[in-house]
Amino acid sequence: MAIQALRGTTDLFGDDARRWAAVEHHVKRLCRAHGYGEIRTPVIEDAALFLRTLGETTDIVQKEMFRFEDRGGHDIVLRPEGTASVVRAYLEHNLHKTIGFAKLFYLGPMFRAERPQAGRLRQFHQYGVEAIGSYSPWIDVEVILLCLDILNACGVTETTVWLSSMGCREDQQRSAAQLRERLASQRAKLCQECQKRFDKNVFRVLDCQNPSCHGIAWGAITGSPFLLCGNCEAHFTAVRQGLGQNGVAFDDTQVFARGLDYYTQTVFEVRAKGLGAQDAVAAGGRYNHLVEDLGGPALGAVGFAAGIERILMAQGAVPAPVERPKRHGVYLAVAQPALIGRAFQQVTQLRAQGVQVLMDYDGKSLKAQLREADKAGCKFVAILGEKELEQGAITLKDLDAQSQETVAVEKFAESVGKRTGHACH
Ligand code: ATP
Ligand code: MG
C-alpha cells in the first residue's frame with residue numbers, strides 16, 4: 001500500500017502555500033511594526049519544561065504530548081506550544097539581564113496528540129508573541145490589538161473577542177476553593193479523572209470532554225464569576241478601557257478559563273465566524289509567574305498564539321480570492337535540446353545576478369516550453385537557438401505587454417535584470 005501522511009498532518013502546496021506565505025508575511029510585517037523581534041526555538045525540548053509550566057493536570061500534559069525517550073535516555077517532548085520555550089530561551093540567554101523588557105514573536109509547527117478532526121491537527125502551526133518584563137495593562141492591550149491587526153490583514157474580520165480575568169494566584173486559590181464548595185454536593189457524579197482533578201486542580205474539570213462533568217462544572221460558575229482582588233480588578237478595568245479607547249469590541253460577559261495553568265489576570269480568545277466547533281483562531285493572556293517558575297526573577301508577561309490552519313479555514317469560510325501573483329521572472333527556452341548546456345550557463349549567470357529564471361532540462365518542444373513559461377507565470381520568455389548564438393542576439397518577449405525586442409547575447413543578463421527590476425552588476 002502506498003505510504004500516506006500520518007493522520008492529523010497535512011501537506012501544503014499550491015494556492016494554500018501561497019495563502020500561507022501571505023499569512024506569514026503579515027505576521028512578520030505587523031509584529032516588527034509593533035516592535036516584536038523574531039525568535040526561533042527548537043521543536044524538541046526537555047519534557048520537564050512543559051511538565052513544570054503547563055500544569056500536570058492539563059489535557060496537554062496528560063494526553064496530548066508527543067513524548068519519547070531518546071537513545072541517551074533523555075525525556076523529550078515535541079513542543080505542544082510556544083510560550084514555555086520562549087521564556088526558557090529568554091532566561092537561558094540572559095535577556096532579563098541584557099535587555100530586560102523583551103518583545104518577541106515566533107512562528108512554527110506545534111504538536112499535540114489530539115483526535116484529528118476539522119480544525120484539529122496533530123501537527124499544526126502557530127504564530128505568537130510574548131512581551132516579557134512588564135505588568136502594564138497597556139501591554140495586554142497592545143498584544144490584543146496586534147492579534148486583531150494580523151487577523152484583519154489576513155482577511156479574518158468577522159471575529160469575537162472573549163475577554164476575562166483569572167486574577168492572581170491568590171485569587172485563583174480562593175476561586176478554586178469556591179468552585180470546590182459549589183461542586184462538593186455533586187462530586188460523586190464526576191468521572192474518575194475529574195475526581196482527581198477536583199483535589200489537584202479543580203479548574204481542569206471545566207475542560208473535561210465528558211458532557212456530564214462539563215455541564216456540572218460550567219453550571220457551577222456560569223452567572224457567578226470569580227471575584228478579583230482590588231489590584232487585579234484595577235488591571236482588568238484598565239485593559240477594558242484601553243481596548244475601548246482603541247476601538248476594540250469585546251465580550252467580557254462569558255466566563256471562561258484557559259486550559260493551561262500558567263495564566264494569571266487577563267485571558268482572551270478570538271473566535272471566528274463559520275468555523276463550527278473549532279472556532280478559536282487565537283488565544284492568549286498574561287502569565288505573571290512563568291518566568292519565576294522557570295528559575296528567573298519575578299517578571300510580568302503577556303502573549304498570544306494563533307493557529308494558521310484555522311486562519312486559512314476562516315478565510316475559506318468567508319471566501320477571499322487568492323490573488324494571482326503578478327507575472328515575474330524569465331523563461332529561457334531552447335530551440336534544440338543540444339543547446340541546453342549553453343542555456344544552462346546563461347541561467348546560472350542570471351541567477352547569480354538575482355534574476356528569477358526557469359528553463360527546460362528534458363528537451364521538450366519549443367511549444368511545450370512556451371506553454372510551461374505561461375503556466376509558471378513568467379513575465380519574459382527568451383528563445384536561444386543556433387541563429388541567436390551565431391548572430392549574438394536574442395529575442396526577449398514580454399508576456400504582459402505582448403511586445404518583444406532583441407538584445408545582445410553578452411548583454412542578455414544585464415538587460416533581463418533591468419527589465420525584471422533586479423540589480424545587475
Ligand atoms: P482549542 O480550544 O481549540 O483546543 P486551545 O485552547 O488548545 O484551542 P491554544 O493552546 O491556546 O489552543 O492555541 C492557540 C491556537 O492554536 C488556537 O486558538 C487554535 O487556533 C490553534 N490550535 C490549538 N490546537 C490546535 C490543533 N490541534 N490543531 C490546529 N490548531 C490548533
Ligand atoms: Mg486544545
Side-chain angles (χ1 to χ4, degrees), residues 5-12 16 20 23 27 49-50 53-55 57-66 77-87 105-130 143-144 146-148 150-151 154 156 158-164 166 203-204 206-209 214 218 254-264 266-287 290 301-317:
L6 294 173
R7 275 186 74 216
T9 69
T10 51
D11 299 310
L12 187 73
D16 279 345
W20 189 285
V23 171
V27 170
L49 177 64
F50 302 107
T53 56
L54 305 187
T57 54
T58 59
D59 273 357
I60 293 188
V61 168
Q62 290 272 310
K63 307 179 210 157
E64 298 174 2
M65 291 201 307
F66 283 102
V77 161
L78 292 183
R79 65 175 182 199
E81 60 106 55
T83 305
S85 305
V86 172
V87 174
F105 79 91
Y106 61 86
L107 199 153
M110 304 293 162
F111 304 84
R112 294 185 196 171
E114 305 199 68
R115 193 169 66 79
Q117 52 191 296
R120 199 171 287 292
L121 295 160
R122 295 188 146 193
Q123 176 176 341
F124 60 100
H125 297 76
Q126 286 184 337
Y127 61 81
V129 310
E130 314 294 351
V143 160
I144 296 172
L146 173 56
C147 179
L148 293 173
I150 298 173
L151 291 172
C154 294
V156 181
E158 296 193 42
T159 52
T160 312
V161 178
W162 280 32
L163 186 72
S164 186
M166 298 183 56
F203 285 114
R204 296 281 81 87
L206 295 163
D207 306 335
C208 188
Q209 304 287 321
H214 199 261
W218 284 93
Q254 314 284 336
V255 178
F256 76 102
R258 303 275 314 126
L260 302 174
D261 281 359
Y262 57 58
Y263 285 113
T264 53
T266 315
V267 284
F268 72 98
E269 272 187 25
V270 185
R271 300 176 183 220
K273 228 185 179 168
L275 285 192
Q278 270 70 57
D279 63 350
V281 283
R286 196 160 255 292
Y287 47 93
L290 187 53
V302 55
F304 75 80
I308 299 186
E309 285 83 357
R310 291 205 194 158
I311 288 174
L312 295 194
M313 281 173 73
Q315 288 177 336

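One-based numbering, in listed order, for ligands and for the atoms of each.
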Q: Please name all residues satisfying side chain to side chain donor-acceptor pair (under 3.5 Å) with R310, sequence neighbours left out, ordered by chain then number.
A: none
**Q.** D279: partners by side chain to side chain donor-acceptor pair (under 3.5 Å), with sequence neighbours left out
**A.** none
Q: Work out which heavy atom in I311 is nearest to a heavy atom in C154; give both atom names and the distance.
A: CG2-CB, 4.1 Å
(Q) For T83 and E130: C-alpha separation, side-chain torsions, deciding distance, then whether side chain to side chain donor-acceptor pair (under 3.5 Å) applies. (A) CA-CA 7 Å; T83 305; E130 314 294 351; 2.8 Å; yes
Q: Please identify each residue that fulfils ring pair (Phe, Tyr, Trp, His ring centres under 6.0 Å) with Y287, with sequence neighbours left out.
A: Y262
Q. Can you list, by chain and residue number, every protein residue with a non-hydrogen atom closer than 4.0 Å to ligand 1?
A. R112, E114, G119, R120, L121, F124, Q126, R258, A280, V281, A282, A283, A305, G307, R310
Q | Pair H214, Q209: side-chain N/O donor-acceptor within cut-off below 3.5 Å | A | no
